[in-house]
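Beneath this line is the structure, given in structure tokens, with notes to follow.
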Amino acid sequence: MKEKLILDVDTGIDDAIGILLAVKSNAFDILGITTVNGNVSLDQATTNTCKILDLVKADHIPVIKGAATPLLREPFFEHRIHGEDGLGGALKEAAITHPVSDGFAPDFLINSILSFSGEVTLVLTGPLTNLALAVKKCPQITKHVKEVIFMGGVVKGPGNVTPTAEFNSYVDPEAAKIVLHAGFPSITQVGLDVTRKALLTKDHLEYIKDDTLREYISQSTNDYQQKYFDRYGIHACAMHDPLAVGIAINKRIVETQKYFVDIETKSELCDGQLICDFQSRLKKKVNLQVSLKVDDHAFFQMFIDILNGRFEERE
């Protein structure tokens with residue numbers, strides 16, 4: 001039996017690659033993909049998600065729209081990295097055939113989790129607004145989720161939108177706070193501490209045999225890699241969201257440790273900062289598996305194998 005999975009995305013460049021990884025892995029029964037505002041608007045994220053599913057002919061996967069704004073704040077988009085369309089200009093002229101399903105993402109999450117108690121893994125690669133809304137409406141879902149994996153935050157290094165905050169955490173810290181304190185028995189954070197070490201280069205792309213996938217990923221990440229070079233001096237781009245999907249496929253690619261973690265929501269300088277109590281100074285119960293080390297070689301070997309259709313044979 002394949003593991004039941006729901007992806008929650010704000011589809012920009014790396015979310016899109018994460019979707020490709022999940023679909024091409026053939027490891028999951030993907031119940032649906034829910035969309036949220038974040039990198040781009042809700043409508044753009046939904047359009048981009050449909051384009052990616054069209055690209056891999058995954059017409060069986062429902063797409064359900066969610067929150068168009070953060071819980072309490074105005075939207076904050078990341079067009080600087082992802083471009084105005086969110087996909088770095090790739091698939092700009094692509095016609096969309098994949099339908100958008102009726103419904104509201106938080107309700108879809110609740111209904112799916114309760115319908116398959118103990119079976120559903122959630123992988124969230126955007127702001128946590130949809131899950132926070134689901135928890136507020138139906139707190140008992142925490143007892144019925146198999147696992148939550150979310151990309152967001154940084155616990156030891158600098159942020160990527162402010163000096164201290166990672167983008168997803170910064171966009172909707174109130175939502176992240178609700179999720180962190182909801183009581184999920186298995187919840188794993190995948191932050192910049194590990195995703196910055198999973199760097200996609202043009203060398204990796206040369207190993208992808210599928211011309212369509214290689215060309216799409218190359219085109220969508222071209223400007224992203226240039227911006228990464230301008231800031232860090234490396235021709236590469238971080239696979240933030242694909243790494244979260246990769247962990248759902250194979251947990252051995254990261255090392256985690258459990259800590260009490262909270263998030264700042266009222267600071268003038270540190271808004272959206274994830275605070276990890278490494279020394280148990282606050283004497284609070286641990287609530288989060290924090291990803292601290294990554295085997296980037298193993299991740300990219302799996303990534304390339306999956307896109308080349310060799311993953312099941314290797315496993």
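Note that these values count all heavy atoms, side chains included, but never hydrogens, waters or copies made by symmetry.
Here NZ of K24 is found 14.5 Å from CD1 of I19. Values are rounded to the nearest 0.5 Å. Between the OG1 atom of T221 and the NZ atom of K227 there is a distance of 11.5 Å, given to the nearest 0.5 Å. Between the NE2 atom of H204 and the SG atom of C237 there is a distance of 10.5 Å, given to the nearest 0.5 Å. Note that the CD atom of Q225 and the CG atom of L205 stand 6.5 Å from one another [nearest 0.5 Å]. Interatomic distance, H235 NE2 to D203 CG, rounded to the nearest 0.5 Å: 12.0 Å. Between atom CG of residue L72 and atom OG1 of residue T129 there is a gap of 10.0 Å, rounded to the nearest 0.5 Å.
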For I81 and N160: C-alpha separation, side-chain torsions, deciding distance, then whether side-chain contact (heavy atoms from CB on, under 4.5 Å) applies. CA-CA 11 Å; I81 297 297; N160 63 355; over 6 Å; no
Steps toward salt bridge (Lys or Arg N to Asp or Glu O under 4.0 Å) verdict (D262, K177): CA-CA 7 Å; D262 210 334; K177 196 173 191 72; 2.8 Å; yes
Report the C-alpha separation of D172 and E174 in whole Å, then their side-chain angles, then the decisive distance to 0.1 Å, and conclude whether the side-chain contact (heavy atoms from CB on, under 4.5 Å) test is met. CA-CA 5 Å; D172 199 345; E174 286 80 15; 3.8 Å; yes
Could you give me the CA-CA distance, side-chain angles and deciding distance for L288 and Y259, then say whether side-chain contact (heavy atoms from CB on, under 4.5 Å) is met? CA-CA 6 Å; L288 187 66; Y259 294 103; over 6 Å; no
Report the C-alpha separation of H98 and K51 in whole Å, then their side-chain angles, then the decisive distance to 0.1 Å, and conclude whether the side-chain contact (heavy atoms from CB on, under 4.5 Å) test is met. CA-CA 7 Å; H98 197 289; K51 285 184 176 183; over 6 Å; no
If you apply the rule salt bridge (Lys or Arg N to Asp or Glu O under 4.0 Å), what do you find for K197 with D295, and how did you get there? CA-CA 9 Å; K197 297 172 183 174; D295 185 340; over 6 Å; no
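Of the charged side-chain nitrogens involved, at least one lies within less than 4.0 Å of a carboxylate oxygen, so that E147 and K251 count as a salt-bridged pair. The pair K266-E264 does not count as a salt bridge, with every side-chain nitrogen at least 4.0 angstrom from each carboxylate oxygen. Salt bridge D107/K137: present, at least one basic N to carboxylate O contact under 4.0 Å. Ion pairing between K293 and D193 fails under the 4.0 Å rule for side-chain N and carboxylate O. The pair D305-R310 meets the salt-bridge criterion, with a side-chain N (NZ, NE, NH1 or NH2) lying under 4.0 Å from an Asp/Glu carboxylate O. Residues R214 and E206 are not paired through a salt bridge, judged by the lack of any N-O separation under 4.0 Å between the basic side chain and the carboxylate.
Side chains of T49 and T11: a donor-acceptor N/O pair is present below 3.5 angstrom, by distance only. Checking T256 against S291 by side-chain atom types alone, no donor-acceptor pair falls below 3.5 Å. Side-chain contact of Y224 with Q226: a donor-acceptor pair under 3.5 Å is absent, judged by distance alone. Side chains of D14 and H240: no donor on one and acceptor on the other come within 3.5 Å. Checked by atom type, the side-chain pair H79/D85 shows no donor-acceptor distance below 3.5 Å. For the residue pair E3 / T121, a side-chain donor-acceptor distance below 3.5 Å is found, with atom types taken as modelled.
In terms of modelled atom types and a separation under 3.5 Å, the side chain of H82 and the main chain of G12 share no donor-acceptor contact. With hydrogens and angles ignored, the 3.5 Å screen pairs no side-chain donor or acceptor of D10 with any backbone N or O of V36. The main-chain N or O of E166 is never found under 3.5 Å from a side-chain atom of S169 such that the two would form a donor-acceptor pair. Side-chain N or O atoms of D223 include none that pairs as donor or acceptor with a backbone N or O of G83 at under 3.5 Å. Formation of a donor-acceptor pair under 3.5 Å by the E78 side chain with backbone atoms of V40 is not found in this model. Of the possible donor and acceptor atoms, none in the side chain of D15 sits under 3.5 Å from a partner among the backbone N and O of V9. Using a distance-only test at 3.5 Å, with no hydrogens or angles considered, no donor-acceptor pair links the side chain of D8 to the main chain of L124. Listed for the N287 side chain is a donor-acceptor partner under 3.5 Å among the backbone atoms of V261. For H144 (side chain) and I141 (main-chain N/O), no donor-acceptor pair under 3.5 Å exists by modelled atom type.
Between I110 and C138, the shortest heavy-atom distance links the atoms CD1-CB, 3.7 Å. For the residue pair S115 and N111, the shortest heavy atom distance occurs at OG-O, 2.6 Å. Listed here is the closest heavy atom pair of G152 and N168: CA-CB, 4.4 Å. P106 and G66 make their closest contact through CD-CA, 4.4 Å (heavy atoms, listed as atom of the first residue, atom of the second, distance). Closest approach of L307 and D210 over heavy atoms only: O-CB, 4.4 Å. Of all the heavy atoms in N48 and G86, the pair that sits closest is ND2-CA, 3.8 Å.
Around atom NZ of K92, no more than 12 heavy atoms belonging to other residues, nucleotides or ligands sit under 6.0 Å away. Counting heavy-atom neighbours within 6.0 Å of E74 CD, excluding the residue itself, gives a total of 12 or less. Residue D102 qualifies as open at atom CG: its count of foreign heavy atoms under 6.0 Å is 12 or below.
Contact check for N39 versus F167: side-chain heavy atoms found under the 4.5 Å cut-off. Contact check for I247 versus V190: side-chain heavy atoms found under the 4.5 Å cut-off. The closest side-chain heavy-atom distance from K65 to V100 is below 4.5 Å. The closest side-chain heavy-atom distance from T212 to L55 is below 4.5 Å. Side-chain contact between P75 and P70 is present, with heavy atoms from C-beta onward closer than 4.5 Å. Here the side chains of L20 and V23 are not in contact, with every heavy-atom distance at 4.5 Å or above. For the pair E119/K146, no side-chain contact is recorded, criterion being any heavy-atom separation below 4.5 Å from C-beta on. Between T162 and Y170, some side-chain heavy-atom pair lies under the 4.5 Å cut-off.
Relative orientation of the F300 and F303 rings is perpendicular, given thresholds of 30° and 60° on the angle between their planes.
Grouping the Ile, Leu, Val, Met, Phe, Trp and Tyr side chains by contacts below 4.5 angstrom, directly or via other members, places L243 with L21. Side-chain heavy atoms closer than 4.5 Å link hydrophobic residues (I, L, V, M, F, W, Y) into clusters, and following such links, even through other members, never connects V120 to L7. Two different hydrophobic clusters hold I33 and F104 under the rule that ILVMFWY side chains link at heavy-atom gaps under 4.5 Å. Both L213 and I17 are assigned to one and the same hydrophobic cluster, defined by single-linkage of ILVMFWY side chains at heavy-atom distances under 4.5 Å. Linking ILVMFWY residues whenever their side-chain heavy atoms come closer than 4.5 Å, directly or via other members, places L122 and L114 in the same cluster.
A cation-pi contact links K156 to F278, judged by a cut-off of 6.0 Å to the six-membered ring centre and 45° from its axis. With F28 as the aromatic partner, K2 does not meet the cation-pi criteria of under 6.0 angstrom to the ring centre and within 45 degrees of the ring axis.
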